[in-house]
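Right, one structure below, let's go through it.
Since this is a predicted model, take the numbers as computed values, not measurements. We count residues from 1, following the sequence as given.
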Amino acid sequence: MTDATITDADFGRMMATFAKVTNLPPLSQIAVHQMRILAKDADNNAVATPEGIHQDGFDYVGVFTMARHNVTGGELFIWQNKTDDAPMAMLDPSAGDFCVINDKQLWHSAGDVAPKQSGQGYWDLFVLTARDESVK
């Protein structure tokens, strides 16, 4: 991640939003995972979550969509239990959308990503993870 990204005002707002929504104590550590999911062609969908329905092992997980270009799919699914027949919620993310979940209580997955039209497409996102150190 570049210094320009870290010092960008929108990056700071994203971090502040995550901390506020999760009610994290001051000076909590937040891990940042910058991702680009690349959909190369219609015959080979990009698998957004190869692990399927899962938890990441943190207290909170946030998915922040930065950009989407020439893609369809990538829906975020929230599950009450890993073995449920259907998700309890779904978000079809656009740039600027975010979803924060309690990773101890809920499960999540994402749909495959494919190009809308010929050529490549991508989904740019940040995944933020944190543990609430005030809860033991």
I'd like to know if Val21 and Leu24 are part of one continuous hydrophobic network [Ile/Leu/Val/Met/Phe/Trp/Tyr, side-chain heavy atoms within less than 4.5 Å]. yes
Taking Phe18's backbone N and O only, do any of them form a donor-acceptor pair with Thr22's side chain (distance below 3.5 Å, no angle check)? yes
Are Met15 and Val63 linked, directly or through other ILVMFWY residues, by side chains that come within less than 4.5 angstrom of each other? no
Same apolar cluster: Met35 and Val47, side chain cutoff 4.5 Å: no
Given 3.5 Å as the limit, does a donor-acceptor pair link the side chain of His108 with the main chain of Leu76, or not? no
Apply the test side-chain contact (heavy atoms from CB on, under 4.5 Å) to residues Lys82 and Gln55: give CA-CA distance (whole Å), side-chain angles for both, the deciding distance (0.1 Å), then the verdict. CA-CA 9 Å; Lys82 184 176 183 174; Gln55 293 175 312; over 6 Å; no
Which value, rounded to the nearest 0.5 Å, describes the distance between Asp59 atom CG and Asn23 atom CG? 12.0 Å
Considering all heavy atoms of both residues, which atom of Asp112 and which atom of Ala48 are nearest to each other, and what is their separation? OD1-N, 4.2 Å
Is it true that, when you exclude Asp3 itself, more than 12 heavy atoms of the residues, nucleotides or ligands shown sit nearer than 6.0 Å to its CG? no
Transitive ILVMFWY side-chain link Tyr60 to Phe126, under 4.5 Å: yes
How long is the gap from CG on Asn45 to CD1 on Ile37, to the nearest 0.5 Å? 12.0 Å
Is Gln29 atom CD crowded by more than 12 heavy atoms from other residues, nucleotides or ligands, each under 6.0 Å away? no
Could you tell me which residues satisfy side-chain hydrogen bond (donor to acceptor under 3.5 Å, both in side chains) with Thr65, sequence neighbours excluded, listed by chain and number? Trp123
So, applying side-chain contact (heavy atoms from CB on, under 4.5 Å) with Val32, which one of Leu128, Val127, Thr5 is it? Leu128
Smallest separation among heavy atoms of Ile6 and Phe11, with atom names: O-CD2, 3.5 Å
Sequence-distant partners of Asp8, salt bridge (charged side-chain N to carboxylate O under 4.0 Å, His left out), two or more places apart: none
If you look at every heavy atom in Ala19 and Ile30, which pair is closest and at what distance? CB-CD1, 4.5 Å
Kindly compute the distance separating CD (Glu133) from CG (Leu27), expressed to the nearest 0.5 Å. 12.0 Å
What residue pairs, at least two apart or across chains, pass salt bridge (Lys or Arg N to Asp or Glu O under 4.0 Å) with a residue in residues 34-45? Arg36-Asp124
Only counting residues at least two apart or in another chain, list the ones meeting side-chain contact (heavy atoms from CB on, under 4.5 Å) with Ser109. Thr49, Ile53, Phe77, Trp79
Tabulate below the donor-acceptor pairs under 3.5 Å that side-chain atoms of residues 85-107 make, not counting sequence neighbours, or state none.
| unit_1 | atom_1 | unit_2 | atom_2 | d |
| --- | --- | --- | --- | --- |
| Asp97 | OD2 | Ser94 | N | 2.8 |
| Asn102 | OD1 | Lys104 | N | 2.9 |
| Asn102 | OD1 | Gln105 | N | 3.2 |
| Asp103 | OD1 | Asp56 | N | 3.2 |
| Asp103 | OD2 | Asp56 | N | 2.8 |
| Asp103 | OD2 | Gly57 | N | 2.8 |
| Asp103 | OD2 | Phe58 | N | 3.1 |

Verify the cluster assignment for Leu125 and Met1: are they in a single hydrophobic cluster under the rule of side-chain heavy atoms below 4.5 Å apart? no
Could you check whether any side-chain N or O of Asn70 sits under 3.5 Å from a backbone N or O of Gln120, counting only pairs where one atom can act as donor and the other as acceptor? yes
Which pairs pass salt bridge (Lys or Arg N to Asp or Glu O under 4.0 Å) with one or both residues in residues 19-29, sequence neighbours excluded? none
How far apart are the closest heavy atoms of Gly52 and His54, and which atoms are they? O-ND1, 2.7 Å
